[in-house]
Amino acid sequence: MRIYGDYTFLLDKLNVWNNSQVRVSKNGTKIVEFAERFMEQQRAASKDKVSISKEGLDYIVDQLSDLGSSEGKSQKPEDKVLAKTSGDGLSLMDGLCRTYILQRLDTTSESGVSGRLYNEMAGRYKENLQAQGDQSLSSHAQSLAMAHLAIREKIEEGYASGTREVWIMDTSTGDDFSGVEFDIDGQPVRYRKMTMEEELEAVEKTFGELVQNVSRHMASELIKREQVTVEETGTYNGTEVINEYEKGFWDLDKKASDLLDELKKLIKEIEEEEARKKKAKEMTLGDRLAAEQSAYGVEIAARGKQQSQYANYRKMSQMEAEARTLLGYIKA
């Protein structure tokens, strides 16, 4: 496993700074020291956290216990044969690192749409639609808009708090790559973390596909409801139905296109309204804080003015007392 860029946090999280196949590209250092303490920790946690048997752990410890010699000849630690977790040629430690990444991996469809984002957005849309209680065009638009905004907000908050971590495969081959590379069956396989900007861009692409799919589904439902009329008259919108399949394709395409335009228009209006509400809410809070600050300032100013008046009064009283005393001396 090679680590390019600042990705050593992955090893820190898994406590695997001791795999002979790990390479950190920035200094070319091969990490070769295997810690028995790590194996003991894994053995202690094996009941709940790992699926490696006690015999398997013992075997690994035995293999690593004598790195100084092999059949009377000196042997480098990196030449030792490590226990494998699977048939992909990865060592135990590399397997742990790759498992960590795969649990956070996002894949894309042929059209480049995120599978993880699509599933989450579609799920939120369906929940919102169910809560609306009807199947009107406005309900679909409202449900789609709420799902879209919720996903964007979740991503932005996740990156702001440092808790969001999504990985993707990378097809680059240059040394300027930033991520983690595994040697699987003799082939380099690269993974890297996504940036917030990349995820937000993926959100828009995913949302566009979801809206298209919803419009096609709605169009299909409309066609089903109109099918009886077509079968009874043999015509569609006053024209003779020549070919059932041709008519079906044309009908679905036209209705889906019309619905898509309407959906996009409604969604834009709904999201603009939500943005205005959010801005108004933020302004209201800001205005309230500003008003409180202003009132506090007025109070401080009034209190300062009053204290200044008291000080002047005391000063005048003192001057009057001193004048009376001086007049007394003069009369005497």
Side-chain angles (χ1 to χ4, degrees), residues 5 101-132 135-172 176-179 190-222 252-283:
I101 291 173
L102 292 179
Q103 289 174 344
R104 296 157 178 80
L105 186 68
D106 191 11
T107 57
T108 57
S109 65
E110 292 182 358
S111 59
V113 171
S114 162
R116 176 179 292 205
L117 287 176
Y118 188 93
N119 290 337
E120 184 176 0
M121 196 178 295
R124 286 177 180 262
Y125 152 70
K126 291 176 182 178
E127 290 178 2
N128 294 336
L129 185 63
Q130 187 175 5
Q132 293 286 334
Q135 296 287 324
S136 65
L137 185 64
S138 60
S139 293
H140 283 280
Q142 182 78 22
S143 302
L144 286 165
M146 293 300 99
H148 179 216
L149 294 174
I151 296 295
R152 285 191 62 92
E153 185 175 358
K154 177 183 176 181
I155 290 173
E156 290 170 350
E157 290 179 352
Y159 280 97
S161 63
T163 57
R164 189 170 181 84
E165 186 177 336
V166 178
W167 291 71
I168 56 172
M169 289 191 69
D170 192 291
T171 57
S172 65
D176 57 346
F177 167 69
S178 179
R190 290 179 164 185
Y191 302 95
R192 66 174 178 84
K193 285 202 302 181
M194 295 186 74
T195 64
M196 182 181 74
E197 291 73 22
E198 286 177 321
E199 275 218 82
L200 292 178
E201 183 178 345
V203 166
E204 298 311 311
K205 196 167 188 177
T206 302
F207 183 59
E209 178 146 318
L210 177 60
V211 173
Q212 285 186 351
N213 290 342
V214 169
S215 68
R216 290 185 66 84
H217 174 73
M218 294 177 66
S220 178
E221 293 298 314
L222 283 174
L252 179 62
D253 183 69
K254 184 177 185 307
K255 285 186 180 297
S257 179
D258 292 342
L259 285 169
L260 181 60
D261 291 339
E262 288 297 318
L263 270 177
K264 286 182 176 179
K265 181 179 178 181
L266 284 172
I267 289 170
K268 183 178 179 181
E269 292 174 355
I270 292 169
E271 293 193 347
E272 286 177 349
E273 179 62 26
E274 289 298 319
R276 283 193 292 270
K277 288 180 181 179
K278 184 177 181 180
K279 186 176 181 180
K281 184 177 180 180
E282 292 173 350
M283 289 180 61

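Computed from heavy atoms alone, side chains included, the values below leave out hydrogens, waters and symmetry copies.
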Practice task
For Asp258 and Lys254, run salt bridge (Lys or Arg N to Asp or Glu O under 4.0 Å): C-alpha distance rounded to whole Å, both residues' side-chain angles, the deciding distance at 0.1 Å, then the answer.
Solution key: CA-CA 6 Å; Asp258 292 342; Lys254 184 177 185 307; 3.2 Å; yes
Does this structure show an ion pair linking [X] with [Y], if we count only N-O contacts that are shorter than 4.0 Å?
{"X": "Glu198", "Y": "Arg192", "answer": "yes"}
{"X": "Glu157", "Y": "Arg164", "answer": "no"}
{"X": "Glu127", "Y": "Arg124", "answer": "no"}
{"X": "Glu120", "Y": "Arg116", "answer": "no"}

Quick check for you: to the nearest 0.5 Å, what is the distance between [X] atom [atom1] and [Y] atom [atom2]?
{"X": "Leu105", "Y": "Met194", "atom1": "CG", "atom2": "CE", "answer": "10.5 Å"}
{"X": "Glu262", "Y": "Ser215", "atom1": "CD", "atom2": "OG", "answer": "11.5 Å"}
{"X": "Ile155", "Y": "Met196", "atom1": "CD1", "atom2": "CE", "answer": "9.5 Å"}
{"X": "Ile267", "Y": "Met146", "atom1": "CD1", "atom2": "CE", "answer": "10.0 Å"}
{"X": "Asp106", "Y": "Lys193", "atom1": "CG", "atom2": "NZ", "answer": "15.0 Å"}
{"X": "His148", "Y": "Asn128", "atom1": "NE2", "atom2": "CG", "answer": "13.5 Å"}

Practice task
Verify the neighbour count for atom CD of Glu201: are there more than 12 heavy atoms of other residues, nucleotides or ligands below 6.0 Å?
Solution key: no
Exercise for the section: For atom CD of Glu204, decide whether the heavy atoms of other residues, nucleotides or ligands shown that lie under 6.0 angstrom number more than 12. Expected result: yes
Exercise for the section: Check for a donor-acceptor pair, side chain of Ser143 on one end and backbone N or O of Ser139 on the other, with a separation under 3.5 Å. Expected result: yes
Exercise for the section: Report yes or no: does Arg152 contribute a side-chain atom to a donor-acceptor pair with the main-chain N or O of Val203 at less than 3.5 Å? Expected result: no
Handout entry: Under 3.5 Å side-chain donor-acceptor pair for Ser111 and Glu209
Key = yes
Handout entry: Distance-only polar pair, side chains of Tyr125 and His140, donor-acceptor under 3.5 Å
Key = yes
Problem - Derivation and outcome, side-chain contact (heavy atoms from CB on, under 4.5 Å), residues Leu259 and Leu222 - result: CA-CA 11 Å; Leu259 285 169; Leu222 283 174; 3.9 Å; yes
Grab the two heavy atoms, one from [X] and one from [Y], that are nearest each other, plus how far apart they are.
{"X": "Ala256", "Y": "Ala219", "value": "N-CB, 3.5 Å"}
{"X": "Tyr191", "Y": "Phe177", "value": "O-CZ, 3.3 Å"}
{"X": "Gly5", "Y": "Ser178", "value": "CA-OG, 4.2 Å"}

Exercise for the section: Give the intermediate values and the outcome of side-chain contact (heavy atoms from CB on, under 4.5 Å) for residues Phe207 and Leu117. Expected result: CA-CA 9 Å; Phe207 183 59; Leu117 287 176; over 6 Å; no
Handout entry: side-chain contact (heavy atoms from CB on, under 4.5 Å) between Tyr159 and Leu200, intermediate numbers included
Key = CA-CA 11 Å; Tyr159 280 97; Leu200 292 178; over 6 Å; no
Practice task
Show the numbers, then the answer: is there a side-chain contact (heavy atoms from CB on, under 4.5 Å) between Gln135 and Leu129?
Solution key: CA-CA 8 Å; Gln135 296 287 324; Leu129 185 63; 3.8 Å; yes
